[in-house]
Amino acid sequence: PEGALLYAIPALIEPPRRAGARQSPAWLRAEAAEFQRRDLAAAIRAYGALAASASADGDLRARALAAQARTLRKAGRMADARQTYAQLGRLPGAWVGALPAGLVALDARCELCEAAADLPGLASCGLDLYRGLIDGRWLLEKARFRFYAERAKTWIASAGAPPPQLGELAALESRKA
């Protein structure tokens, strides 16, 4: 709410933890393809199948999409990775480990813009990330909030002239912190 803290008390955050789904035979095969055999094409297909599975809940789908996008990045398929991160960002309420899926997706998209030296994209993405944090889009404890807020501000600054909205958001952050 307006004027409320920008972060949550850690005890109030209870992200779903479904370790069993992560250790399924299909998940283990996907990880083996990616990490042991370094067969990125097989890993991409396996994670994609997990994400598309009718039995996949939101968190399993989110973890599978995050893993698939990571593997696509390793394979140098940046456009496909960007699309997969966009899919991940459209999973409301889903978690990737201890982080909201939307935050993971937007942070990774900023990393892709930075790696590609896409300064306009980095400025836009960094501003979206910072705005999401200030607006309270994701429930985070203070340390994580501060980490991602600084990361977003660094990206915005490295992209060149800061957009006018940055000052407004920074002022709001200082009032609410």
Side-chain angles (χ1 to χ4, degrees), residues 1-19 22 51 56-74 78-177:
E2 183 67 32
L5 286 176
L6 292 170
Y7 43 82
I9 298 168
L12 298 178
I13 301 175
E14 295 182 31
R17 303 213 190 278
R18 294 184 178 91
R22 189 165 190 131
D57 63 20
D59 292 340
L60 174 57
R61 182 169 282 116
R63 286 193 308 269
L65 285 171
Q68 184 182 38
R70 176 189 65 230
T71 310
L72 285 162
R73 286 173 72 175
K74 286 180 186 179
M78 300 310 171
D80 292 332
R82 193 176 337 277
Q83 288 177 339
T84 304
Y85 283 126
Q87 281 183 282
L88 177 62
R90 291 189 296 267
L91 294 178
W95 291 76
V96 177
L99 293 171
L103 173 65
V104 171
L106 192 51
D107 182 72
R109 286 179 37 225
C110 289
E111 287 179 345
L112 288 172
C113 288
E114 181 180 41
D118 174 7
L119 297 183
L122 183 59
S124 174
C125 192
L127 188 61
D128 286 347
L129 177 59
Y130 191 48
R131 182 180 295 114
L133 290 163
I134 301 303
D135 289 347
R137 188 181 313 164
W138 308 290
L139 188 61
L140 299 171
E141 68 275 11
K142 186 176 184 176
R144 284 200 173 120
F145 170 84
R146 292 212 184 281
F147 171 80
Y148 286 103
E150 287 306 312
R151 195 162 153 92
K153 288 187 275 188
T154 299
W155 279 327
I156 294 166
S158 70
Q165 304 95 324
L166 180 60
E168 297 167 15
L169 291 171
L172 184 56
E173 178 184 8
S174 66
R175 283 196 307 270
K176 292 174 82 174

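Because only heavy atoms are used, hydrogens play no part in the values below, and waters and symmetry mates are left out as well, while side chains stay in.
- Contact between Leu166 and Pro162 at its shortest, heavy atoms only, is CD2-CB, 3.6 Å.
- The salt bridge (Lys or Arg N to Asp or Glu O under 4.0 Å) analysis of residues 115-132, with sequence neighbours excluded, yields the pairs Asp128-Arg131.
- Residues Gly58 and Leu91 come closest through the heavy atom pair O-CD1, 4.2 Å.
- Distance OG1/Thr84 to CG/Leu65: 6.5 Å, rounded to 0.5 Å.
- The side chain to side chain contact (heavy atoms under 4.5 Å, CB included) search around Ala152 returns Leu129, Tyr130, not counting sequence neighbours.
- Atoms CH2 and CH2, on Trp138 and Trp95 in that order, are 12.0 Å from each other to the nearest 0.5 Å.
- Applying the salt bridge (Lys or Arg N to Asp or Glu O under 4.0 Å) test to residues at least two apart or on different chains, the pairs with a partner in residues 79-93 are Arg77-Asp80.
- For the atom pair CG of Leu112 and CZ of Arg73, the computed distance is 4.5 Å after rounding to the nearest 0.5 Å.
- From Arg144, atom CZ reaches atom CG of Leu133 across 13.0 Å, with rounding to the nearest 0.5 Å.
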Ignoring hydrogens and angles, write down the donor-acceptor pairs under 3.5 Å from the side chains of residues 103-110, residues two or more places apart or on other chains.
{"from": "Asp107", "atom 1": "OD1", "to": "Arg151", "atom 2": "NE", "distance (Å)": "2.7"}
{"from": "Asp107", "atom 1": "OD2", "to": "Arg151", "atom 2": "NH2", "distance (Å)": "3.2"}

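- For Glu168, there are no salt bridge (Lys or Arg N to Asp or Glu O under 4.0 Å) partners, not counting sequence neighbours.
- Between Leu127 and Pro163, the closest heavy-atom pair is CD2-CG, 3.8 Å.
- Contact annotation: the side chain of Gln83 never approaches that of Leu72 to less than 4.5 Å [non-hydrogen atoms, C-beta and beyond].
- The shortest heavy-atom contact between Ala149 and Glu173 is CB-OE2, 4.2 Å.
- Across all their heavy atoms, Ser158 and Leu122 have their closest contact at OG-CD2, 3.6 Å.
- Ala64 pairs by the side chain to side chain contact (heavy atoms under 4.5 Å, CB included) definition with Trp27, Leu50, Ala51, not counting sequence neighbours.
- Atom-to-atom distance recorded for Ser174:OG and Leu172:CG is 8.0 Å, nearest 0.5 angstrom.
- Checking side-chain atoms of Ser124 against main-chain N and O of Gly121 turns up no donor-acceptor pair under 3.5 Å.
- Counting all heavy atoms, side chain and backbone alike, Ala66 lies closest to Tyr85 at O-OH, 4.5 Å.
- A side-chain donor-acceptor contact under 3.5 Å links Asp57 to the backbone of Asp59.
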